[in-house]
There are 2 protein chains.
Amino acid sequence: MQNTTASAMAAEFETSPERVRRTQDFFSIGDLAKEFDITTRSIRFYEDQGLMSPERRGQTRIYTQKDRVRLKLILRGKRLGFTLAETKTLFDMYDRDGSSVNQLQTMLRLIDDKKLALRQQLEDIKVVLHELTAVESGCLAELSEKTKENP
Amino acid sequence: MQNTTASAMAAEFETSPERVRRTQDFFSIGDLAKEFDITTRSIRFYEDQGLMSPERRGQTRIYTQKDRVRLKLILRGKRLGFTLAETKTLFDMYDRDGSSVNQLQTMLRLIDDKKLALRQQLEDIKVVLHELTAVESGCLAELSEKTKENP
DNA sequence: CATGAAGTTTACGTTAACGTAAAGTTTTAC
DNA sequence: GTAAAACTTTACGTTAACGTAAACTTCATG
């Protein structure tokens, strides 16, 4: 009861015997938005930024499995802390150059940068947590002192 | 030859017997900018946002040790991921009535919220670090495979 | 005296990743 | 057959923390 969209409906009412497919060939922008729990605005924005370029049927965007994988990669990149620009750089390299050594090295550099930044952030957070705990202790002490007179 | 600023002027007019000071009493905006390696624009911005309010000599801002400590706290907060608004909230609470039970409890709630958020962030970062390491391993494997043929 | 270094205010510009609204054209549903 | 859904483009708005430029005053110095 979760697929009430165009393509799903099409599959459900598909009557042609030789065309029964387990995997969808095409997706609407709404399909993808629903699947990945993002807005259509985001998907169009990614296209605007040159990260995707789906086919059109007239005005309407038609997404293939390849586009879907791209979107998935974009979102994974985001989860990993990559900017859209960084992800686009990787895509461009891949598009031009298959999976070149160059691209892999770029990827590794990016990953290393991220890891370094995250480790720094991790340390910072630990420090703050300790400091917060210290301040908290101070507050609690002061508070117990104050409620001593006023129980 | 480095003190041609407000503090020098203050020293000049100093009549108290203990005239010789190891610590500066006053600072110019440039002094602080240099000391903390930030721009004067930033310092004025913090004032604009209500985090500081230095005295004036005419138009010119005159900063005291207390202002300097404030700035230091602002920057520490920033390093640790606090927004200026959050830092301001803490400042305001402290300025108003750092000793009232009510304020202390508010403070404790705020601290607790922050700690919770930071612990969550900590976990998130750890997860991403692991994922990054996994992706890195994949890249390295692919790379070693590619450079096998092309040493 | 000129000049340049440091200070001031006002105010628009920047970045990232979309949100939101308007205004229009299909598509689908009942 | 008509209303609702879904799609489209265009374009301005949002947030945080400043950057940058203009246009000015004050101060110190060679």
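Lettering of chains follows the sequences in order, A, B, ..., and the numbering in each one begins at 1.
- Rounded to whole Å, atom P of C:dA5 lies 17 Å from atom CG of B:Asp31.
- Rounded to an integer number of Å, the gap from CZ of B:Phe36 to P of D:dC18 is 14 Å.
- Side-chain atoms of B:Ile29 lie closest to C:dT8 of the nucleotides C:dA17, C:dT8, D:dT8.
- Less than 4.0 Å separates DNA chain C from at least one heavy atom of each of the following residues of residues 37-51 of chain B: B:Arg41, B:Arg44.
- Remark: C1' of D:dC7 and NZ of A:Lys34 are 13 Å apart, rounded to the nearest angstrom.
- Not counting sequence neighbours, A:Lys78 has no partner by the salt bridge (charged side-chain N to carboxylate O under 4.0 Å, His left out) test.
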Intermediate values then yes/no, side-chain contact (heavy atoms from CB on, under 4.5 Å), A:Leu116 and A:Asp112
CA-CA 6 Å; A:Leu116 211 71; A:Asp112 229 49; 5.9 Å; no
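- Classification of A:Asp95 and A:Arg70 as a salt-bridged pair holds, one side-chain N sitting under 4.0 Å from a carboxylate O.
- Atom CZ of B:Arg61 is separated from atom C1' of C:dT9 by 9 Å (rounded to the nearest Å).
- Distance CD (A:Gln59) to P (C:dT27): 11 Å, rounded to an integer number of Å.
- The existence of a salt bridge linking A:Lys114 and A:Glu86 is confirmed by a sub-4.0 Å separation between a basic side-chain nitrogen and an acidic carboxylate oxygen.
- Going from atom CZ of B:Arg56 over to atom C1' of D:dT26 covers 15 Å, rounded to whole Å.
- Look at B:Arg56 and B:Glu47 and you find a salt bridge, because one of the NZ, NE, NH1 or NH2 atoms lies within 4.0 Å of a carboxylate O, short of that distance.
- In this model, the phosphate group of C:dC18 is approached by a side-chain N or O of A:Lys78 to a distance below 4.0 Å at OP1 or OP2.
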